[in-house]
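The structure under discussion appears below in the form of structure tokens.
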2 protein chains.
Amino acid sequence: MRDNKIVDLHGINVSCNECSLHQLCLPQSIDGAELEKLDYIIERKKPLKRNEYLFQVGSAFDSIYVVRSGSLKTFSPTIDGQEQVTGFHLPGELLGLDAIGKGHHPCVAKALETTSVCEIPFDRLEELAQELPTLQHQLLRLMSKEIFDDQELMLLLGKKTAEARLSAFLLSISLRFKQRGFSSTEFYLSMSRNDIANYLGLAVETVSRMFTRFQDDGIITAERKHIMIKNWNALQQMAGISQLSEKVSKSSI
Amino acid sequence: MRDNKIVDLHGINVSCNECSLHQLCLPQSIDGAELEKLDYIIERKKPLKRNEYLFQVGSAFDSIYVVRSGSLKTFSPTIDGQEQVTGFHLPGELLGLDAIGKGHHPCVAKALETTSVCEIPFDRLEELAQELPTLQHQLLRLMSKEIFDDQELMLLLGKKTAEARLSAFLLSISLRFKQRGFSSTEFYLSMSRNDIANYLGLAVETVSRMFTRFQDDGIITAERKHIMIKNWNALQQMAGISQLSEKVSKSSI
DNA sequence: TTATAAAATTGACATTTATCAACTTATTTT
DNA sequence: AAAATAAGTTGATAAATGTCAATTTTATAA
């Protein structure tokens with residue numbers, strides 16, 4: 001998995017400068033010669049096909065990754081040989097930050113669709129951050145955002161009812177798309193119902209039933225993976241989180 | 001809350017050098033003159049009494065905190081005026097890392113008992129990290145550990161049954177005590193059953209019943225807040241996580 | 001100390017959700 | 001295109017959990 005050749009995507013040299021995710025990513029705060037330095041250390045790997053792995057449990061940590069397009073899920077194996085999904089990763093989001101401390105990845109990252117990522121060798125990033133105060137600052141901000149987002153998700157998983165969990169999940173996905181300039185009311189879920197159920201600590205059947213119920217109530221339309229949010233307020237009401245939307249929209253990261 | 005005077009605890013000047021949490025904390029990787037610099041910027045605040053706040057939702061972020069003794073819970077207000085507990089913080093653990101990105105605290109931190117913390121002004125820490133590569137490295141490691149731990153907890157909250165959640169919770173607390181040199185088989189839970197239930201997304205009554213069931217099955221003894229773990233394997237079995245213990249014990253942070 | 005309030009436990013019951021099974025609809029593969 | 005496989009949906013039922021109420025225990029205040 002990790003022996004993919006580095007390629008110029010579609011024959012062009014994709015630089016941070018031209019990247020649509022620039023604002024969300026590390027280069028946000030630097031420019032000119034500094035940006036070139038960062039650009040230089042970033043490796044752009046051959047896109048992953050669906051079900052290919054970016055890294056495996058226990059594999060050595062040496063890079064963090066930014067999703068450029070597509071999406072991945074991360075999961076941990078459980079005692080009974082199942083997997084437990086710990087997260088979904090959309091364009092502009094980082095992967096691998098949980099591995100810095102231990103030096104190896106605590107989870108598996110698997111592409112949910114054709115997915116391309118930027119690979120940033122961490123030791124070189126650290127060196128660069130030592131040189132460039134604004135880069136260090138941005139790196140710390142991004143890690144803080146990761147912690148914040150994780151806590152947001154714990155808020156989601158701490159909900160008691162299936163209704164509250166699924167609606168909070170849909171809102172969360174929706175807002176993440178919005179942050180990246182995509183529609184927040186119409187999108188495709190790249191993960192299966194099974195993955196969603198697993199992630200939310202519910203049975204697949206319960207998730208399926210909730211989807212049909214939300215649809216019957218006119219709150220969403222869900223045709224397979226294609227979701228449209230019809231009644232945002234109702235979703236928020238059910239999710240029962242006061243500041244989910246404000247929190248995220250206030251975000252300046 | 002934030003206007004507490006800075007005091008020398010019990011009249012002695014507690015330095016990082018003498019701190020029992022040294023190994024877990026930021027100074028781990030530095031020494032001598034460098035340690036003095038760090039020591040200099042750290043403020044040791046007057047201990048918080050039970051139910052006092054370390055920070056409130058929306059309050060300006062300018063410091064991160066390390067718990068020296070005692071414990072705190074963090075929580076977010078929900079739409080219906082309730083609180084949702086997002087974490088418990090034991091000695092040696094950091095607070096406030098989720099606020100760096102936004103510049104204000106997204107949750108409330110409240111002392112569960114008499115609690116003392118070290119306050120580390122973040123801008124000064126950033127400056128110092130710019131000077132000292134090993135400190136930058138340690139800071140990144142600690143933030144990574146925070147992300148890792150959060151994901152561990154999402155694994156916990158993703159469990160379907162109350163049994164699995166409570167046992168995973170007890171194991172998690174136990175291992176955190178162990179990491180800090182306390183007993184992993186006998187400890188006091190500083191949080192109420194209500195806080196535990198809230199955190200785990202369960203009803204208080206369910207938590208209470210689980211405690212009695214675990215006790216009847218000889219897996220633990222629980223006398224109010226005093227917990228003794230009698231059958232570690234059974235707990236692990238119920239938690240259904242394969243590597244919880246190994247993961248944590250391998251931890252070199 | 002006594003009085004009062006809060007926290008924890010227990011029981012009865014209603015509701016929700018998981019499980020099992022059947023079936024339909026997509027998606028791959030041959 | 002047909003066959004095979006996987007994913008998703010729906011129904012019936014059992015099990016788990018939430019809710020309500022009563023009670024006991026512990027903590028706090030007068």
Side-chain angles (χ1 to χ4, degrees), chain A residues 49-52 73 78 80 82-85 110-114 157-170 188-217 220-227 238 240, chain B residues 49-52 73 78 80 82-85 110-114 157-170 188-217 220-227 238 240:
Chain A
K49 296 202 201 81
R50 193 160 109 85
N51 291 330
E52 284 185 339
K73 68 171 171 179
T78 60
D80 50 350
Q82 304 284 96
E83 41 183 73
Q84 186 160 338
V85 177
K110 192 175 185 179
L112 291 167
E113 58 194 311
T114 303
L157 295 168
K159 307 243 153 269
K160 275 194 265 295
T161 66
E163 173 185 287
R165 287 194 198 177
L166 186 61
S167 49
F169 172 76
L170 289 173
Y188 282 86
L189 292 174
S190 57
M191 69 294 291
S192 69
R193 299 283 194 268
N194 226 308
D195 286 337
I196 296 173
N198 185 307
Y199 177 64
L200 297 179
L202 300 169
V204 207
E205 295 92 333
T206 307
V207 170
S208 187
R209 276 185 254 268
M210 280 297 147
F211 267 111
T212 30
R213 218 191 71 196
F214 286 3
Q215 205 162 4
D216 291 348
D217 294 352
I220 63 169
T221 63
E223 223 170 294
R224 212 120 180 98
K225 299 190 180 303
H226 180 216
I227 308 291
M238 291 191 300
Chain B
K49 294 202 203 82
R50 194 160 110 85
N51 291 329
E52 285 185 338
K73 68 172 172 179
T78 61
D80 51 350
Q82 303 285 95
E83 42 183 73
Q84 186 160 336
V85 177
K110 191 174 182 179
L112 291 166
E113 57 195 312
T114 304
L157 294 170
K159 306 244 153 269
K160 276 195 265 296
T161 65
E163 173 186 287
R165 287 194 198 178
L166 186 61
S167 50
F169 172 75
L170 289 173
Y188 283 86
L189 292 174
S190 56
M191 70 293 291
S192 69
R193 299 284 193 268
N194 226 309
D195 286 336
I196 296 173
N198 184 309
Y199 178 64
L200 297 178
L202 299 168
V204 206
E205 294 92 335
T206 306
V207 170
S208 188
R209 277 185 254 266
M210 280 298 147
F211 267 111
T212 30
R213 218 191 72 196
F214 286 2
Q215 205 161 3
D216 291 349
D217 294 352
I220 63 170
T221 61
E223 222 171 296
R224 208 112 181 105
K225 299 189 181 305
H226 180 216
I227 308 291
M238 292 191 299

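Residue numbers start from 1 in every chain, and the chains themselves are labelled A, B, ... in the order their sequence lines are given, proteins ahead of strands.
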* So B/R50 and B/T114, side-chain contact (heavy atoms from CB on, under 4.5 Å) or not? Walk me through it. -> CA-CA 5 Å; B/R50 194 160 110 85; B/T114 304; 5.6 Å; no
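- Around the NZ atom of B/K49, the shell of radius 6.0 Å holds no more than 12 heavy atoms that belong to other residues, nucleotides or ligands.
- A/H226 NE2 to A/I220 CD1: the interatomic distance, rounded to the nearest 0.5 Å, is 11.0 Å.
- Qualifying side chain to side chain donor-acceptor pair (under 3.5 Å) partners for A/E205, counting only residues two or more places apart in sequence or in other chains: none.
- Taking both residues in full, the closest heavy atoms of B/E163 and B/F214 are given as O-CZ, 3.8 Å, listed atom of the first, atom of the second, then distance.
- A residue-by-residue look at A/A162 and B/F211 shows that B/F211 has its nearest nucleotide of DNA chain C further toward the 5' end.
- Contacts of B/M210 with the nucleic acid, taken as non-hydrogen atoms under 4.0 Å apart, involve only primed sugar atoms and P, OP1 or OP2.
- Closest approach of B/M210 and B/A162 over heavy atoms only: CE-CB, 4.0 Å.
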Short heteroatom pairs, N/O only, protein and nucleotides 28-30 of chain C, under 3.5 Å:
none

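- Look at NE2 on A/H226: it is 14 Å from P on C/dT27, rounded to the nearest Å.
- The CG atom of A/N198 sits 6.5 Å away from the NZ atom of B/K160 when rounded to the nearest 0.5 Å.
- Proximity of residues 192-202 of chain B to DNA chain D (heavy atom under 4.0 angstrom from any strand atom) is restricted to B/G201, B/L202.
- The CG atom of A/L189 sits 6.5 Å away from atom CG of A/L170, with the distance rounded to the nearest 0.5 Å.
- For the atom pair OG of B/S192 and CZ of B/R224, the computed distance is 10.0 Å after rounding to the nearest 0.5 Å.
- Nearest heavy atom pair, residue B/M191 against residue B/L112, reads CB-CD1, 4.0 Å.
- Taking the C1' atoms of five terminal pairs at each end of the helix from C/dT1-D/dA30 to C/dT30-D/dA1, the two resulting helix axes are inclined by 60°, rounded to 10°.
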Between protein and nucleic acid, restricted to nucleotides 19-26 of chain C and to nitrogen or oxygen atoms under 3.5 Å apart, what atom pairs and distances do you find?
unit_1	atom_1	unit_2	atom_2	d
C/dT19	O4	A/R209	NH2	2.9
C/dC20	N4	A/E205	OE2	3.1
C/dA26	O3'	A/R224	NE	3.4

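- The shortest non-hydrogen separation linking B/D195 to B/E83 is OD1-OE2, 4.4 Å.
- You can see that DNA chain D meets the heavy atoms of chain B within a 4.0 Å-exclusive cut from D/dT17 to D/dT28, reading 5' to 3'.
- The side-chain heavy atoms of A/R193 and A/F211, taken from C-beta on, include a pair separated by under 4.5 Å.
- Across all non-hydrogen atoms, the minimal contact from B/V207 to B/L166 is O-CD2, 4.1 Å.
- The two atoms that bring A/K159 and B/Q84 nearest to each other are NZ-OE1, 2.9 Å, heavy atoms only.
- Atom P of nucleotide C/dT9 and atom CG of B/D216 are separated by 12 Å, given to the nearest angstrom.
- In this structure, CG on A/L200 lies 6.0 Å from CZ on A/F169, to the nearest 0.5 angstrom.
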